[in-house]
Amino acid sequence: MNERIALYRDKVKVFWNNRKKGQKITLVGPLAAILVIVLASIFLTKEKFVPLYSNLSAQETGQIKAELNARSVPSEISDDGTTISVPEQCVDSLKVDLAAQGIPDSGSIDYSFFGKNASFDMADNEFDGLKFDVLQTELANLMKNIQGVNNAKVMITLPNESI
C-alpha cells in the first residue's frame, strides 16, 4: 500500500516539476478561488449571537430558555448561566414578546402591576403599599444599570405622619 502511495506521489512531483510557472498558476488559481469562496460563504452565513438578557438568576435563565425552546429560537447560555444570547435579528422582537408575557418573572413589581391589580375599591393603605413596592423596585433597577453594580435591593421606610 505504501509503495502505491509513493508511486503516485512521485508521478505528481514529476508532473508538477515539468510545468511552467504560468501553467502552475492556471492549475492552482481556480482551486484557491473556490477555497476563498467557500470560506467566505461559511463566515458570512454564520449567525451572530448577541445577549438577550444578562445577570439572570438560574430560575430566570431556565424560564427564558424554556420559552425560547418552545418557539424554536436558537440560543446560547454563557457566563455560568447568567446570560442568554440569541441571533442578532431576533433580539428586539423577543424582548418585546417576552416582556408582554412577563418573562423574566423576577418576582419584582413594576408599573404594569398597577394596571393589573388596581381598582376603584382599593384602600389608601393598599395603594401606598403598592406605590412603595413599585418605587423600591424601580430604584433597584436604576441602580443595577450602573456599571459595576450586579444586584441591588432598596427598602424605603418613612416615619408615620403626625398630626
Side-chain angles (χ1 to χ4, degrees), residues 1 5 8-9 12 24-158:
M1 187 71 170
I5 293 172
Y8 285 122
R9 187 180 66 220
V12 169
K24 289 178 181 179
I25 291 172
T26 305
L27 288 173
V28 173
L31 294 176
I34 291 171
L35 181 64
V36 167
I37 291 170
V38 167
L39 290 175
S41 66
I42 289 172
F43 286 115
L44 292 176
T45 59
K46 185 177 177 185
E47 283 186 317
K48 182 179 178 186
F49 281 77
V50 295
L52 176 66
Y53 292 108
S54 56
N55 295 327
L56 297 168
S57 67
Q59 177 187 2
E60 292 170 330
T61 302
Q63 185 181 25
I64 294 168
K65 181 69 174 166
E67 181 64 27
L68 293 175
N69 288 343
R71 294 174 181 225
S72 300
V73 175
S75 61
E76 295 175 348
I77 298 175
S78 57
D79 297 335
D80 293 328
T82 62
T83 300
I84 292 187
S85 300
V86 295
E88 188 173 26
Q89 67 271 15
C90 299
V91 171
D92 295 331
S93 63
L94 280 173
K95 277 189 179 181
V96 171
D97 291 346
L98 293 175
Q101 292 181 354
I103 299 173
D105 182 17
S106 61
S108 61
I109 300 173
D110 60 6
Y111 289 114
S112 65
F113 186 81
F114 280 116
K116 294 178 198 170
N117 297 317
S119 64
F120 287 112
D121 63 344
M122 182 179 282
D124 287 343
N125 289 340
E126 289 177 299
F127 183 79
D128 288 340
L130 287 175
K131 182 174 79 172
F132 279 114
D133 283 342
V134 168
L135 188 58
Q136 290 173 163
T137 302
E138 291 302 314
L139 285 172
N141 289 338
L142 285 171
M143 288 181 189
K144 289 178 190 177
N145 289 331
I146 296 172
Q147 185 176 3
V149 176
N150 290 334
N151 201 357
K153 290 187 179 183
V154 174
M155 180 172 222
I156 298 174
T157 57
L158 295 176

- prompt: For the atom pair CD1 (Ile37) and CD1 (Ile42), what is the distance rounded to the nearest 0.5 Å?
  reply: 12.5 Å
query: Gln136: what forms a side-chain contact (heavy atoms from CB on, under 4.5 Å) with it, not counting sequence neighbours?
result: Asp133, Val154, Met155, Ile156
field: Residues that Lys46 engages under side-chain contact (heavy atoms from CB on, under 4.5 Å), provided they are two or more places apart
entry: none
query: Can you name the side-chain contact (heavy atoms from CB on, under 4.5 Å) partners of Leu27, sequence neighbours left out?
result: Phe15, Trp16
- prompt: According to the side chain to side chain donor-acceptor pair (under 3.5 Å) rule, which pairs have a member within residues 75-85, sequence neighbours left out?
  reply: Lys65-Ser75, Asp79-Thr83
Only pairs under 3.5 Å count here: list side-chain donor-acceptor contacts from residues 89-98, not counting sequence neighbours, and write none if there are none.
| from | atom 1 | to | atom 2 | distance (Å) |
| --- | --- | --- | --- | --- |
| Ser93 | OG | Cys90 | O | 3.2 |
| Asp97 | OD2 | Arg71 | NH1 | 3.3 |

query: What is the minimum heavy-atom distance between Met143 and Ala152, and which atoms define it?
result: CB-CB, 3.8 Å
- prompt: Just how far is it from atom CG of Leu142 to atom OG1 of Thr137, taken to the nearest 0.5 Å?
  reply: 11.0 Å
message: How about NZ on Lys24, more than 12 heavy atoms from neighbouring residues, nucleotides or ligands closer than 6.0 Å, or not?
response: yes
